[in-house]
Protein chains: 2
Amino acid sequence: MGFVDDYLAYLLARASHLVSRGFHAQLAARGVPVGEWRVLATLAGGRPLTVGELAARVLMKQPTVTKLVIRLEARGLVRRTPVTGDRRKVHVRITGAGEREVAPLIAAARRHEAEVLEGLDATEVAALKRALRHVIHRLADGEGQGVPQRPGSGSSSSLSPNRHWKARRHQA
Amino acid sequence: MGFVDDYLAYLLARASHLVSRGFHAQLAARGVPVGEWRVLATLAGGRPLTVGELAARVLMKQPTVTKLVIRLEARGLVRRTPVTGDRRKVHVRITGAGEREVAPLIAAARRHEAEVLEGLDATEVAALKRALRHVIHRLADGEGQGVPQRPGSGSSSSLSPNRHWKARRHQA
DNA sequence: CCGAAATTCATTCTTTTTCATAGAACCCGA
DNA sequence: TCGGGTTCTATGAAAAAGAATGAATTTCGG
């Protein structure tokens, strides 16, 4: 058994990928890009979020979300308003039209989740979700409004750039 | 609590994202692109894989893997050889140089995983990994050599394209 | 054995995401 | 209140990812 087959990050990535795959096929069949689904599903039935908060929740970079939100606003599915009290920030809220658009998608997502978990012990599912929330809670310190990056993430070990991979990150 | 906060796909995606984030920062510090890490880590210590098999394992599309592998071969970290017996296929194997390059990364990945799971009950970790493997096994039917897509994924419900999202998938 | 259909990888072209950065607004101490 | 440092969003160039397609090979029905 190779290294990755017992590596938590890989197991999570693979499970995530497989669980989402079926629903993404449904989204594709309806012509809905995944990014738009994520944004609308995150905003649905909730309070307005700033661009930064939204980016953290949908697991995308801030510039990506800015562009996505601008497209969605052009279609009337979300609305952007300056935040009173801090004019740097922009609130993004879902519109009535947006809610009407996501509603059937959320219903489909719930059905899909039920299919994926079909035949699994309810206790086991609860345990899995609980464990995931535990991991998330442990690692998501202070996240939720706009995390300022934590480079080392607690790793005290050597981070010296490996010359073999001649750092080809355009550095200027 | 919003819809997504109890949605399995989201919990998995978020946990995956958070768990990987710290290690990706280490990769960035060494100048190693994430895709290259995934390919090398997947090939490390194992038999050669075809491009299709590799794409399925690293959760990327085949064209992405083709390009990645060509770059890695140019640097001598992997080698591509035609498969004897089926000349359509191409085997990708890691080279000695490749193994020497990933070894420290794998060690760092193991350390990082240990940090992430630090303070968690070993039983709980085992249960989490077991549950993830269970989900993976359930959904990964016939995957592993090059899955031919399963459109509906078992969903028997309506898939009629929603006209509101004017299907902008160039359908040819 | 022949030819249609399917499989596999490479390539091309378009779209999306990301990096880097600028510009505006806020915060806080002197 | 002024100024330096920080935070937040937007933008523009660059890179990566993705869809569609092509070329070569294999498979299978007749």
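We name chains A, B, ... by the order of the sequence lines, and we start the count at 1 in each one. Keep in mind that the numbers below use all heavy atoms, side chains included, and drop hydrogens, waters and symmetry copies.
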Atom pair distance, as rounded to whole Å: [atom1] in [X] and [atom2] in [N]:
X	N	atom1	atom2	value
Lys61(B)	dT17(C)	NZ	P	14 Å
Leu68(A)	dT9(D)	CG	P	15 Å
Leu59(B)	dG18(D)	CG	C1'	16 Å
Leu54(A)	dC8(D)	CG	P	14 Å
His24(B)	dC19(C)	NE2	C1'	17 Å
Gln62(A)	dA22(C)	CD	P	15 Å

Closest to the [X] side chain: [options]?
X	options	answer
Thr50(A)	dA17(D), dT9(D), dA10(C)	dT9(D)
Pro63(A)	dC26(C), dC19(C), dA19(D)	dC19(C)
Arg71(B)	dA10(D), dA10(C), dA16(D)	dA16(D)

Of Arg88(A) and Arg80(A), the one whose nearest nucleotide on DNA chain D sits closer to the 5' end is Arg88(A)

Of Gly35(B) and Lys89(A), the one whose nearest nucleotide on DNA chain D sits closer to the 5' end is Lys89(A)

Rounded to the nearest 0.5 Å, what separates atom CZ in Arg130(A) from atom CG in Leu11(B)?
12.5 Å

Between the side chains of Lys129(A) and Glu113(A), is the shortest nitrogen-to-carboxylate-oxygen separation below 4.0 Å, so that they form an ion pair?
yes

Donor-acceptor pair present, Lys67(A) side chain and dT18(C) base, under 3.5 Å
yes

Let me see the working for Thr95(A) and Glu99(A) under side chain to side chain donor-acceptor pair (under 3.5 Å), right down to the final yes or no.
CA-CA 6 Å; Thr95(A) 63; Glu99(A) 293 277 13; over 6 Å; no

Per nearest nucleotide of DNA chain C, the residue lying toward the 5' end, Met60(A) or Asp86(B), is Asp86(B)

I want to check one thing: is the phosphate of dT26(D), taken as OP1 and OP2, less than 4.0 Å away from some side-chain N or O of Arg87(B)?
yes

Is Thr66(A) near enough to dT9(D) that one of its side-chain N or O atoms lies under 4.0 angstrom from OP1 or OP2?
no

Considering only heavy atoms from C-beta outward, does the side chain of Val90(A) approach that of Thr50(A) to under 4.5 Å?
no

Shortest non-hydrogen contact from Arg30(B) toward Ala108(B)
NH2-CB, 3.8 Å

